Number of protein chains: 2
Amino acid sequence: MSDSKKKKDNVTLAQVAELAGVSKMTASRVLRKASGFSQNTHDRVMRAVEELGYVPNRLAAAFGSDKASTLIGVCVPRLTSGMFGSVLDSIDHTLSRLGYQTIIGSHEQVPETEEAWLTTILSWRPAGVILSGRTHTPTVLEMLRDQAIPVVEIWNLNTSPIDISVGFNHFDCGHEMGRYMVSRGCRNVAFVGAEANTPGMGMVRFDGFMEALEASGGHLATREVLIDRPGFYAGYYGTETVLSRRGDLDGIYYQEDNMAVGGLFYCQSKGLSVPDDISIAGWGGMEVASVLPKRLTTTSVATQALGKTAAEALIARIRGEPVQDVIVAPTRLVPGSTV
Amino acid sequence: MSDSKKKKDNVTLAQVAELAGVSKMTASRVLRKASGFSQNTHDRVMRAVEELGYVPNRLAAAFGSDKASTLIGVCVPRLTSGMFGSVLDSIDHTLSRLGYQTIIGSHEQVPETEEAWLTTILSWRPAGVILSGRTHTPTVLEMLRDQAIPVVEIWNLNTSPIDISVGFNHFDCGHEMGRYMVSRGCRNVAFVGAEANTPGMGMVRFDGFMEALEASGGHLATREVLIDRPGFYAGYYGTETVLSRRGDLDGIYYQEDNMAVGGLFYCQSKGLSVPDDISIAGWGGMEVASVLPKRLTTTSVATQALGKTAAEALIARIRGEPVQDVIVAPTRLVPGSTV
DNA sequence: ATCGAATAGGTTACCGGTAACGCAATGCAT
DNA sequence: ATGCATTGCGTTACCGGTAACCTATTCGAT
C-alpha cells in the first residue's frame, strides 16, 4: 500500500510544512498547540501530517529546547516485588496519561547502584525523576542540585525531602501494630525481617514497633533479620530460627506479608495454632493475605495511590503548578484472624 | 566546593576539547572509544572530562547519529504481576549491563494500547523494542517494518516472529500437565482461567491441555474463565464456580500458580482433601508454591532466563551479530503433592 | 481618520553531538 | 630515495526541531 522501501526515510516537520504551504515554525506551533496560527492553517498542517504519516522526533525536540523532554526516570528497589510492581504500574499509567514516558531502573537498596543509574539517566536530560527510599549518596544529591531537576522521593515519609516526598509513615505502621499486638495479649514477641545488609524501610517499621512495645508492656524477645530478600522463603526460615531460639514466643511481626505467610505455613507445619499458640502479623496488605484460611492481620497500604500521587506531584512541579512538599500516603491496620 | 549556581550550565564536549587542546571530534572519538587517537591524547581528554565533570548529552548523540540511541522500549502485559516483574527485572539488568536504558509500558493485553505505546516510543527513535504476546495490530506491524527496528517478541513461542522470538512453549506446558494429571488418575477435570475478554497465553496452555486430555482418556468436565485478572481471588472464586457446577471433579488445572493457590485454599475451606478428593495444578513455579503445606504441582518457568536471553538477543541484533530467530525458554513440570 | 495592541506568520540562529572527508606526518617495503 | 598505506587529527556540514526576534495585517477604541 505505502511506498516503504527497506527503511523509510522519516518524514520531517519541514516536509509537513512544505506540503501545508507554511514555514517549519508555524507547523511546529500547530503541533505543539501553541498559539499564533489560524484555524485554516491548523487544518492544512494537520492534513499534511495525516497525509505524510508524520511521526514527530522527540529526540530532536527535547534536544533543541530542554523544556520539551517528556522522559521521567523512575528508580525502585526492585522490579520483582508485587508492591513495587504495583507502585510502578500506577506511576507508569499516570505518567503515560499525562504525556510522559517512564525510564526505569532498580537499585536493590544499594545507594551506589542508584548513583550509577542516575548518572546515566541524567545524560538523557529527563524532565524529572522519582527515587525511592531516602538513602542517597552525596554525589546523587549534588547531581540533582546541579541539574535543578524536579525530584519525588517515594515509599517512605521524609519530612525534609530533596524536593517532594510521597510516602508511607512506616514508623507509625510499626507503632500501631505493636500497640495492637500487645492489646491482643502478645507479650513476648519477635521480629523477622530481611535484607540485613541493605536495610530498607522495614527497619523503620521495626523502630516504631519497638517503641510501642516498650511503651505498652510488651517485650521483644528476639529478632532475626535475614540476608535474603523478603519473601515466602525468608519468612519460613526466619520463623524457624526465632522459634528455635525462643520457645516462649507468643507473637511475630514480619517485615511484610509474604514473609508472614511463609511464617504462617511454618507454624502450621509444626502444629502450632495461630493465633492461639502464636500470633502473626505482616505489612503490605498483599492479595495473598486475604485468601488464606486465616485472614492475615496486616497493615494495608495504598500502593496505587502512592504511585499516582507521586507521578501527579512530579508533573505538577514540572509544569510550575503549586505542589505540597510532603504527602503521606494512607495506611490502615487491618485486623485478621492471626493475632 | 564546586561553583554551582542556581542551575549549572552543562559542560559540553567543546569545553572538554578546548581544555584538552584538541578538536571536538577528537574528544568525541576518545569518549566513544573509537580509533584514531594516540594514548597521549586519550589521557589528556580523560583528564579534562574528569576536571570539568563532563556529563555527555545522549539526547544530542542519539539525535545526531541515529545509530547512537541506547534506548530500548519494553512493553509487557502488566507490571503488577510477579512473573512479568521478574522478566522485566531481568531484561532491565541485562540491558543496563550492556549499556542500554529501558523505557517501559504495559498494554493490559489490549493490542490497541500496545499500538498507542509504540507510536509514542518510536518518536524517541529507540535502538530496539521488546514486545510481549503475539497479538499485534496491523498498524504496529507496519510501523515496525517501516522503521526497520530490531524487535524481540517475548513470552510465547512464535515460530514466525516479526524479527526474533524468545518464549515459552505454552502449548507443550499444557499438554504435559494434561498427560501428567491423567497419569495420576484424574479423569474428570476442570480448567480455571482469567482475563476472558483479553485472553493471553493461558488459553494456549489450555489448548495443549485439552489435546492431551482427549488423547489420554481424560475429560474436560467444565471450564471457567473469569473476566478478572489472574490472581488469588480469581482462583478462589473460579474454583467455587466450577465445583458448584460439577460435584464430581477430580482435578483442576489453573491458568497460573496464584490462581491455583487461591483454589487450594478454597478446597481447604470446604474440607476437600488435596489431592485425595481433588487434584490441583498451576503454572509458573512462583515462590509461594514451595512454602505451602502441600507443595503445588506446577510448571516451573525460567522467567529470569527468558528476560536475559531476550535482552541479549536484541542487543546482538542491534550490533549486527548473528542471532537465532526463535529461541525457546525452558519450562519444567515440577510434581508436588497436589496432584 | 489615527493609533496601539493583538494576531498570524516568517527568519535566523542554535542546541551538542557525529559522519564524512581531507590532509599531514609517520612507517615500511622496494 | 620513492611510493603507498596507516595513523592521528582537524574542518565542515548536518541531524530536526524550538526560542527569540521581527514584520505585516487586522481590529477596536478614541
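Below, chains carry the letters A, B, ... as their sequence lines are ordered, and counting in each starts from 1. Just so it is clear, the structure is predicted and the values come from calculations on it, not from any experiment.
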task: List for me each residue that meets side-chain hydrogen bond (donor to acceptor under 3.5 Å, both in side chains) alongside B:R58, sequence neighbours excluded, and say none if there are none.
output: A:S123, B:T70

query: Residues in side-chain hydrogen bond (donor to acceptor under 3.5 Å, both in side chains) with A:T102, at least two apart?
result: A:D92

Going by atom types alone, do [X] and [Y] pair a side-chain donor with an acceptor below 3.5 Å?
| X | Y | answer |
| --- | --- | --- |
| A:T80 | A:R229 | yes |
| B:E312 | B:T94 | no |
| B:T137 | B:E115 | yes |

message: Show me the pairs that pass ring-ring contact (aromatic ring centres under 6.0 Å, His included) and involve residues 95-148 of chain B, at least two apart or across chains.
response: none

Rounded to whole Å, please give me the gap between [atom1] in [X] and [atom2] in [N].
| X | N | atom1 | atom2 | answer |
| --- | --- | --- | --- | --- |
| B:D66 | D:dG17 | CG | C1' | 15 Å |
| B:R44 | D:dG8 | CZ | P | 13 Å |
| B:E18 | D:dT11 | CD | C1' | 17 Å |
| A:L31 | D:dT18 | CG | P | 8 Å |
| A:L52 | D:dG16 | CG | P | 14 Å |
| B:Q39 | D:dT7 | CD | P | 15 Å |
| B:L59 | D:dG16 | CG | P | 15 Å |
| A:R58 | D:dT18 | CZ | P | 11 Å |

message: Just N and O in the side chain of A:S38: are any of them under 4.0 Å from OP1 or OP2 of C:dG9?
response: yes

message: If the cut-off is 4.0 Å, is A:Y54 near the phosphate of D:dG16, judged by side-chain N/O to OP1 or OP2?
response: no

B:H42 vs B:R125, nearer the 5' end of DNA chain D by closest nucleotide: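 By nearest-heavy-atom nucleotide position, the 5'-most residue is B:H42.
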
field: Set of residues satisfying ring pair (Phe, Tyr, Trp, His ring centres under 6.0 Å) with respect to A:F84, sequence neighbours excluded
entry: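 Result, ring pair (Phe, Tyr, Trp, His ring centres under 6.0 Å) vs A:F84: A:W155.
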
- prompt: Looking at A:R125 and A:D66, does any basic side-chain N land under 4.0 Å from a carboxylate oxygen?
  reply: no

- prompt: For B:T41, which contact category applies under a 4.0 Å heavy-atom criterion: base, sugar-phosphate, or nothing?
  reply: sugar-phosphate

message: Tell me if a side-chain donor or acceptor on A:T309 pairs with a main-chain N or O of A:V166 at a distance below 3.5 Å.
response: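 No; judged by distance alone, with no hydrogens or angles, the pair does not exist.
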
Please tabulate the protein-to-nucleotide N/O contacts below 3.5 Å involving nucleotides 10-15 of chain C, giving atom names and distances.
unit_1: C:dG10; atom_1: OP2; unit_2: A:S23; atom_2: N; d: 2.9
unit_1: C:dG10; atom_1: OP2; unit_2: A:S23; atom_2: OG; d: 2.8
unit_1: C:dG10; atom_1: OP2; unit_2: A:T26; atom_2: OG1; d: 2.6
unit_1: C:dG10; atom_1: N7; unit_2: A:R29; atom_2: NH2; d: 2.9
unit_1: C:dG10; atom_1: O6; unit_2: A:R29; atom_2: NH1; d: 3.4
unit_1: C:dG10; atom_1: O6; unit_2: A:R29; atom_2: NH2; d: 3.4

message: What's the angle between the local helix axes at either end of the helix from C:dA1-D:dT30 to C:dT30-D:dA1, using five pairs per end and rounding to 10 degrees?
response: 30°

